[in-house]
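I am attaching a structure below and will ask some questions about it afterwards.
Quick note: numbers below take in every heavy atom, side chains included, and nothing from hydrogens, waters or symmetry partners.
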There are 2 protein chains.
Amino acid sequence: MNIKDVAERAGLPAKTIRYYEEIGLIRPLRSANGYRAFRDSDLHKLAFLARARGLGFTIEDCRKLLALYEDRGRASADVKALAEAHLTQIAAKIAELRAMEETLSHLVHACAGDDRPDCPILKGLETGAETGCCGA
Amino acid sequence: MNIKDVAERAGLPAKTIRYYEEIGLIRPLRSANGYRAFRDSDLHKLAFLARARGLGFTIEDCRKLLALYEDRGRASADVKALAEAHLTQIAAKIAELRAMEETLSHLVHACAGDDRPDCPILKGLETGAETGCCGA
DNA sequence: GTTGACCTTCCCAATACTGGAACCCTTATC
DNA sequence: GATAAGGGTTCCAGTATTGGGAAGGTCAAC
């Protein structure tokens, strides 16, 4: 298979596939003309990578997951540990975003959004205070 | 004020402050010895930037916010529009992370996490299916 | 043989910093 | 005056993960 075929089937841009080869995630063969010649196993790995990346795993995590995927003697505990650590990071990121969302939505609600210059959002950014809409 | 003082007061690393100058967010004066000489107005801007960045605004959004902050004749609607667009992006990011979290936590819960190789997480990444724990 | 769709490598851009090297300035101490 | 500590400066390179595009080789069809 040439790169465009695997790209479509794995759901990854060709550019990304070349990059994954460059950093050693896959090692496709080469045809006589210099084209990459992907085996089914390469396609499987790329689809695996696409899904792992889609779940937010870093490339380095993907490298470890791929190694476990290929290791018939792996312990599922190792996979689970990786996934749990990643879940923890996802939860932390969500919490961070929610905090931003909360602060910012308070400010937005306090802002008239008209043609006058008075703006609680800018005031909040200036002073570090929120709108003060509900106490203190 | 020298850079270390403003860094502490604004809550930003000195490196970051130099970077902000490089990209034109601030324009501190220079002393005869070549040191940056920060005015109070520079400090205010840096603190403003630190808070805006803390709310997840991109640097380019910060640039616009700073321009509005400095424009005494701004319309608060412009600020609000920026903030609302950012809120939308935050919400989208949260939704994305939650989807990842949900999929991954299903897989994790289905995984025994012992020393055997059988692993629903790897299977899920291989096939694109979730655990199938609840139907289908 | 020419067109058009592939493929290749290589370099640059993006985000928002972060680290380090090499070197200059200031102040205090010996 | 020498030295050392603790500032400051610039410049280069790197992070993570692509995306864009140039310059050029290859293949299949007409």
> Which whole-number value in Å describes the distance from Arg18(B) CZ to dC12(D) P?
Replying inline: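 After rounding, the gap between these two atoms is 16 Å.
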> Nearest-Å distance, OH (Tyr19(B)) to C1' (dT10(D))?
Replying inline: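 Result: 17 Å.
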> Okay, side chain of Ser76(B), backbone of Cys119(A): is any donor-acceptor separation there less than 3.5 Å?
Replying inline: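 Not a single qualifying donor-acceptor pair exists.
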Return all side-chain donor-acceptor pairs below 3.5 angstrom for residues 8-15 of chain A, not counting sequence neighbours, or 'none' if the list is empty.
none

>> Please check this pair: side chain of His109(A) against backbone of Ser105(A), looking for a donor-acceptor N/O pair closer than 3.5 Å.
In response: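 Answer holds: yes.
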>> Please list all pairs meeting side-chain hydrogen bond (donor to acceptor under 3.5 Å, both in side chains) that have one or both residues in residues 46-61 of chain B, counting only residues at least two apart or in different chains.
In response: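 Passing the test, one end in residues 46-61 of chain B: Glu60(B)-Arg63(B).
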> Can you find a heavy atom in the side chain of Met100(A) that is under 4.5 Å from one in the side chain of Leu87(B)?
Replying inline: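 A side-chain contact under 4.5 Å is absent here.
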> Which of residues 47-58 of chain B sit near DNA chain C, with a heavy atom under 4.0 Å from it?
Replying inline: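 Heavy-atom cutoff 4.0 Å gives Arg53(B), Thr58(B).
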Contact list (N/O, under 3.5 angstrom) for nucleotides 2-4 of chain D vs protein:
none

>> Distance check needed: dA13(D) C1' versus Glu22(B) CD, whole Å only.
In response: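 Distance check: Glu22(B) CD to dA13(D) C1' gives 13 Å.
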>> I'd like to check the ring pair (Phe, Tyr, Trp, His ring centres under 6.0 Å) partners of Tyr35(B); sequence neighbours left out, ordered by chain and number.
In response: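 Checked Tyr35(B) against ring pair (Phe, Tyr, Trp, His ring centres under 6.0 Å); zero matches.
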> Is there any salt bridge (Lys or Arg N to Asp or Glu O under 4.0 Å) pair reaching into residues 70-87 of chain B, and which pairs are they, with sequence neighbours excluded?
Replying inline: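 Non-adjacent pairs meeting salt bridge (Lys or Arg N to Asp or Glu O under 4.0 Å): Lys45(B)-Glu70(B).
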>> Counting only heavy atoms and a strict 4.0 angstrom limit, can you tell me which residues of residues 30-45 of chain B come near DNA chain D?
In response: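 The stretch gives Arg30(B), Gly34(B), Tyr35(B), Arg36(B) as the residues lying under 4.0 Å from the strand, ordered by number.
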> How close do Pro120(B) and Leu107(B) get, heavy atom to heavy atom, and via which atoms?
Replying inline: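 Scanning both residues, the minimum pair turns out to be O-CD2, 3.6 Å.
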> Would Asp42(B) and Val6(B) satisfy side chain to side chain contact (heavy atoms under 4.5 Å, CB included), going step by step from the backbone distance to the final call?
Replying inline: CA-CA 9 Å; Asp42(B) 296 315; Val6(B) 270; 5.7 Å; no
> Which pair of non-hydrogen atoms, one from Ile26(B) and one from Leu49(B), has the smallest distance, and what is that distance?
Replying inline: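 Smallest heavy-atom distance, with atoms named: CG2-CD1, 4.4 Å.
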> In the single-linkage hydrophobic clustering (I, L, V, M, F, W, Y; side-chain heavy atoms under 4.5 Å), do Leu43(B) and Leu29(B) co-cluster?
Replying inline: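 In one cluster: no.
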>> I need the residues from residues 88-95 of chain A with at least one non-hydrogen atom less than 4.0 Å from DNA chain D; give them sorted by number, or say none.
In response: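 Output list: empty, so none.
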>> At a heavy-atom distance below 4.0 Å, which nucleotide of DNA chain C is the first touched by chain A, and which is the last?
In response: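 Under 4.0 Å from chain A, the extent on DNA chain C is dC6(C) to dC10(C).
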>> Given 3.5 Å as the limit, does a donor-acceptor pair link the side chain of His86(A) with the main chain of Glu101(B), or not?
In response: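 Here the side-chain-to-backbone pair does not exist.
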> What residues, two or more places apart in sequence or in another chain, satisfy side chain to side chain contact (heavy atoms under 4.5 Å, CB included) together with Ser41(B)?
Replying inline: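 Checked Ser41(B) against side chain to side chain contact (heavy atoms under 4.5 Å, CB included); matches are Arg39(B).
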> What is the distance from atom OH of Tyr69(B) to atom CG of Leu125(A), rounded to the nearest 0.5 Å?
Replying inline: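 Tyr69(B) OH to Leu125(A) CG: 9.0 Å, rounded to 0.5 Å.
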> Would you call Lys93(A)-Glu96(A) a salt bridge at under 4.0 Å N-O?
Replying inline: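 Counted as a salt bridge, because a side-chain N and a carboxylate O are separated by less than 4.0 Å.
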> How would you list, by chain and number, every residue that makes a salt bridge (Lys or Arg N to Asp or Glu O under 4.0 Å) with Arg116(A), sequence neighbours excluded?
Replying inline: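 For Arg116(A) the salt bridge (Lys or Arg N to Asp or Glu O under 4.0 Å) partners, ignoring immediate neighbours, are Asp114(A).
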> Separation of Glu21(B) atom CD from dT9(D) atom C1', in whole Å?
Replying inline: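 Computing the Glu21(B):CD to dT9(D):C1' distance gives 11 Å.
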>> Tell me which residues in residues 3-17 of chain A lie within less than 4.0 Å of DNA chain D, going by non-hydrogen atoms.
In response: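 The stretch gives Pro13(A), Lys15(A), Thr16(A) as the residues lying under 4.0 Å from the strand, ordered by number.
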>> Run Glu21(A) and Ile17(A) through side chain to side chain contact (heavy atoms under 4.5 Å, CB included) and show every step you take.
In response: CA-CA 6 Å; Glu21(A) 182 190 15; Ile17(A) 294 173; 6.0 Å; no
